[in-house]
Novice: 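Following this message is one structure expressed as structure tokens.
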Amino acid sequence: MIDPKIIKERPEIIRKMLSDRHVSFDLDLMLSLDSKRREMITKTDDLRKLKNNMGGDIAAKKKSGQNAESLITEMQKVSQELQKLESDQVKTEQEFDKLVMTLPNLIHESVPIGIDDSANVVIKSWGVVPKFDFVIKDHIDISRELGLVDLERAAKTAGARFYYLKNNLVRLNQALIHFALDFLTEKQYGLIQPPYMINRNSMEGAIIADDFENVIYKVQDEDLFLIGTSEHSIAAMHSDEILEGKDLPIRYAGVSPCFRKEAGAHGRDQKGIFRVHQFEKVEQYVFARPEESWSEHEKMLAIAEEFYQKLEIPYRVMLLSSGDLGKVSAKTYDIEAWMAGQNSYREIVSCSNCLDFQTRRLKIRFRDKTNEQTQYLHSLNSTLVATTRTLVAIIENFQTKDGHISVPKPLQKYLEANII
RNA sequence: GCGGGGGUCGCCUAGCCUGGUAGGGCGUGGGAUUGCUAAUCCCAUGUCAGCAAUGACCCGUGGGUUCAAAUCCCAUCCCCCGCGCCA
């Protein structure tokens with residue numbers, strides 16, 4: 001949620017953001033609802049004041065043994081009138097909230113303006129794209145031939161975009177998680193294994209309405225939703241809290257399975273384990289002071305880069321354009337890894353600064369001294385590793401002439417093998 | 001799942017039986033005072049509306065009763081203790 005002060009006082013900023021994002025949104029309706037609700041607050045407040053005063057008078061009369069009947073009948077009328085006004089006010093408030101909760105975040109000035117991913121900018125590239133002196137295969141063929149994956153049976157039992165990992169691919173998957181946790185522990189991150197299901201209120205804090213539709217699975221008959229990433233759980237973890245300034249920044253390494261509907265991705269990456277409904281992820285999630293969030297953002301990207309450098313996976317860093325930017329994010333870097341089997345760079349990391357957008361929704365504030373005014377924190381999130389996609393990169397880039405996979409150096413100790 | 005206890009403005013706590021609109025302590029900040037790094041006293045310390053003066057709201061959450069609800073009634077969530085069941 002954007003600071004209501006900005007919405008009220010600088011609507012032109014909101015208007016520009018909406019056009020830069022190419023999002024249709026009835027800003028004028030929201031502005032008129034906002035002023036209407038402010039008016040109604042004043043009205044009901046006045047009536048409540050009257051009511052409070054009358055209540056005091058009645059109490060005083062009763063105490064001194066006087067008759068308060070006429071005051072009481074008058075008060076009945078006031079109460080009725082207030083009730084009517086209040087229900088109107090609540091209605092207006094709800095309409096406003098509903099709208100404001102779908103309003104996307106502001107955009108940072110460094111973000112390139114553009115219609116979609118074609119306007120994304122390559123920030124840098126790292127590593128050398130591997131050359132092969134044999135005909136290479138994609139991850140599906142390699143892992144199938146090595147007995148590492150069963151997609152057909154997964155389709156039978158669960159549907160498309162599911163998979164059974166088998167044998168050493170299970171170990172490789174776990175090795176990635178293990179390595180990622182060790183790596184972030186070294187960087188002083190606190191480890192978090194969060195709830196894999198959270199309630200609506202918490203989910204609404206982390207995401208925007210249309211994500212419910214397109215990415216989030218709901219549990220039948222329960223107020224529970226499967227998380228699309230540990231970001232969702234961790235964002236809500238400190239909701240309604242006032243944190244102490246001395247503890248900041250708070251850096252969490254979340255590890256969890258991720259569940260995604262992938263609605264609207266029909267036909268794309270249909271085969272294999274690149275785009276799936278379920279995978280494991282180690283995530284960086286940081287709560288920072290507003291003035292520190294941009295430097296934290298760069299740090300998180302650097303940490304993610306270091307991880308892929310250690311794995312020796314070539315990548316490039318993309319700065320997402322306004323049209324490709326997620327609705328809760330003010331600025332996002334993607335890391336795209338080279339995937340030999342697809343002969344292209346594909347997204348494996350998304351690193352975003354959400355400013356106070358999530359923390360306002362979740363009421364996560366901080367202060368240094370207990371008598372100070374509280375401030376909203378900034379929240380940032382970045383993939384460290386989403387296992388399936390990184391597995392694709394490893395399988396395809398590290399394939400050998402005889403159809404095996406050599407294990408990246410940092411993972412060898414976890415796997416107790418250097419070739420699969 | 002059953003029985004009992006509990007959830008109060010950052011933290012601790014009073015008030016609930018007997019309805020009249022949240023009091024105290026700690027912490028933190030500011031001020032006053034006394035010849036000194038101490039003590040004492042005063043003020044401030046959540047949310048919303050408002051330029052402000054002010055005012056409204058806030059007792060886990062949602063309903064209800066009432067002129068009036070932290071307080072009474074109903075529902076619901078969470079925590080603690082005991083019993084049961086169980087990976």
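Computed from a predicted structure; not experimentally measured. Note that these values count all heavy atoms, side chains included, but never hydrogens, waters or copies made by symmetry. In what follows, chains are A, B, ... by sequence order, proteins preceding strands, each numbered from 1.
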Novice: Can you tell me the base-pairing partner of B:G3? Count Watson-Crick or G-U wobble geometry only, both distances below 3.5 Å, and say none if there is no partner.
Specialist: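 B:C81 - that is the nucleotide pairing with B:G3, both distances being under 3.5 Å.
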
Novice: Can you check whether A:E280 reaches A:V255 side chain to side chain, under 4.5 Å on heavy atoms?
Specialist: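 The answer is no, as the side chains (C-beta and beyond) never meet within the 4.5 Å cut-off.
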
Novice: Check every strand shown and say whether A:T374 touches a base, only sugar-phosphate, or nothing at a heavy-atom separation below 4.0 Å.
Specialist: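 The answer is sugar-phosphate, as A:T374 gets under 4.0 Å only of primed atoms, P, OP1 or OP2.
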
Novice: C1' atom, B:C59 versus B:C16: distance in rounded Å?
Specialist: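 It works out to 11 Å between them.
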
Novice: Side chains of A:T332 and A:S329 only: does a donor on one sit below 3.5 Å from an acceptor on the other?
Specialist: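 Short answer, yes.
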
Novice: State yes or no: are the ring centers of A:F183 and A:F307 separated by less than 6.0 Å?
Specialist: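 That pair passes the under 6.0 Å test.
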
Novice: Across all strands shown, which nucleotide pairs with B:G27 by Watson-Crick or G-U wobble geometry, both distances under 3.5 Å?
Specialist: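 Answer to the pairing question: B:U45, which forms a Watson-Crick or G-U pair with B:G27.
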
Novice: Need the pair for B:A87. Rule: Watson-Crick or G-U wobble, both distances under 3.5 Å, any strand; none if unpaired.
Specialist: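 No nucleotide pairs with B:A87.
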
Novice: Sequence neighbours excluded, which residues qualify as side chain to side chain donor-acceptor pair (under 3.5 Å) partners of A:N418?
Specialist: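 In terms of side chain to side chain donor-acceptor pair (under 3.5 Å), with neighbours along the sequence ignored, A:N418 is linked to no residue.
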
Novice: Can you tell me how far the CD atom of A:E305 sits from the CD atom of A:E298, to the nearest 0.5 Å?
Specialist: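 Answer rounded to 0.5 Å: 9.5 Å.
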
Novice: Report the residues that fulfil side-chain contact (heavy atoms from CB on, under 4.5 Å) with A:D45, sequence neighbours left out, ordered by chain and then residue number.
Specialist: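 In terms of side-chain contact (heavy atoms from CB on, under 4.5 Å), with neighbours along the sequence ignored, A:D45 is linked to A:I41, A:R48.
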
Novice: How far, in whole Å, is B:G6 from B:A87 if one measures between their C1' atoms?
Specialist: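 My reading of the C1' atoms in B:A87 and B:G6 gives 30 Å.
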
Novice: Just call it for A:K43: base, sugar-phosphate, or nothing, with non-hydrogen atoms closer than 4.0 Å on any strand.
Specialist: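 Counting heavy atoms under 4.0 Å across all strands, no contact is made by A:K43.
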
Novice: Considering only heavy atoms of chain A and a distance under 4.0 Å, specify the first and last nucleotide of RNA chain B in 5' to 3' order that meet this criterion.
Specialist: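 Going 5' to 3' along RNA chain B, contacts run B:G10 to B:A68.
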
Novice: Would you measure the distance from the P atom in B:A70 across to the matching atom in B:G60 and give it in whole Å?
Specialist: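 Roughly 10 Å separates the two P atoms.
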
Novice: Between A:P4 and A:K369, just flag the one whose closest nucleotide in RNA chain B comes earlier from the 5' side.
Specialist: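 Nearer the 5' end of the strand: A:K369.
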
Novice: For A:N52 and A:Y376, take the nucleotide of RNA chain B holding the closest heavy atom to each; which residue's nucleotide lies nearer the 5' end?
Specialist: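 Mapping each residue to its closest nucleotide by heavy atoms, the 5'-most match is A:Y376.
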
Novice: For B:A69 versus B:C79, give the span between their P atoms, rounded off to a whole number of Å.
Specialist: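 My reading of the P atoms in B:A69 and B:C79 gives 31 Å.
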
Novice: Strictly by Watson-Crick or wobble contacts shorter than 3.5 Å, is anything paired with B:G19, and which nucleotide is it?
Specialist: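 Pairing partner: none.
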
Novice: For the C1' atoms, the ones on B:U65 and on B:G55, what distance do you get once it is rounded to whole angstrom?
Specialist: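 Rounded to whole Å, the distance is 28 Å.
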
Novice: Expressed as a whole number of Å, how far does the P atom of B:C83 sit from that of B:G25?
Specialist: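 Each nucleotide's P atom is 41 Å from the other's.
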
Novice: Which whole number of Å gives the distance between the C1' atom of B:G63 and that of B:C51?
Specialist: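 Those two atoms are separated by 39 Å.
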
Novice: Write down the partner of B:C51 under the Watson-Crick or G-U wobble criteria, each distance required to be under 3.5 Å.
Specialist: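 Answer to the pairing question: none, since B:C51 forms no Watson-Crick or G-U pair.
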
Novice: Are the aromatic ring centres of A:F287 and A:F366 under 6.0 angstrom apart?
Specialist: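 Not close enough - the centres of the two rings lie 6.0 Å or further apart.
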
Novice: What distance, rounded to whole Å, do you find between the two C1' atoms, one in B:G31 and one in B:G24?
Specialist: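 Here B:G31 and B:G24 have their C1' atoms 22 Å from each other.
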
Novice: Just name whichever nucleotide pairs with B:U40, Watson-Crick or G-U, keeping both distances under 3.5 Å, else none.
Specialist: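 Matched B:U40 with B:A32 under the 3.5 Å cut-off.
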
Novice: Are any of the side-chain heavy atoms of A:T390 and A:L311 separated by less than 4.5 Å?
Specialist: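 The answer is yes, as the side chains (C-beta and beyond) meet within the 4.5 Å cut-off.
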
Novice: Counting any heavy atom closer than 4.0 Å, what does A:I58 reach on the DNA or RNA strands: base, sugar-phosphate only, or nothing?
Specialist: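 Result for A:I58 = base.
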
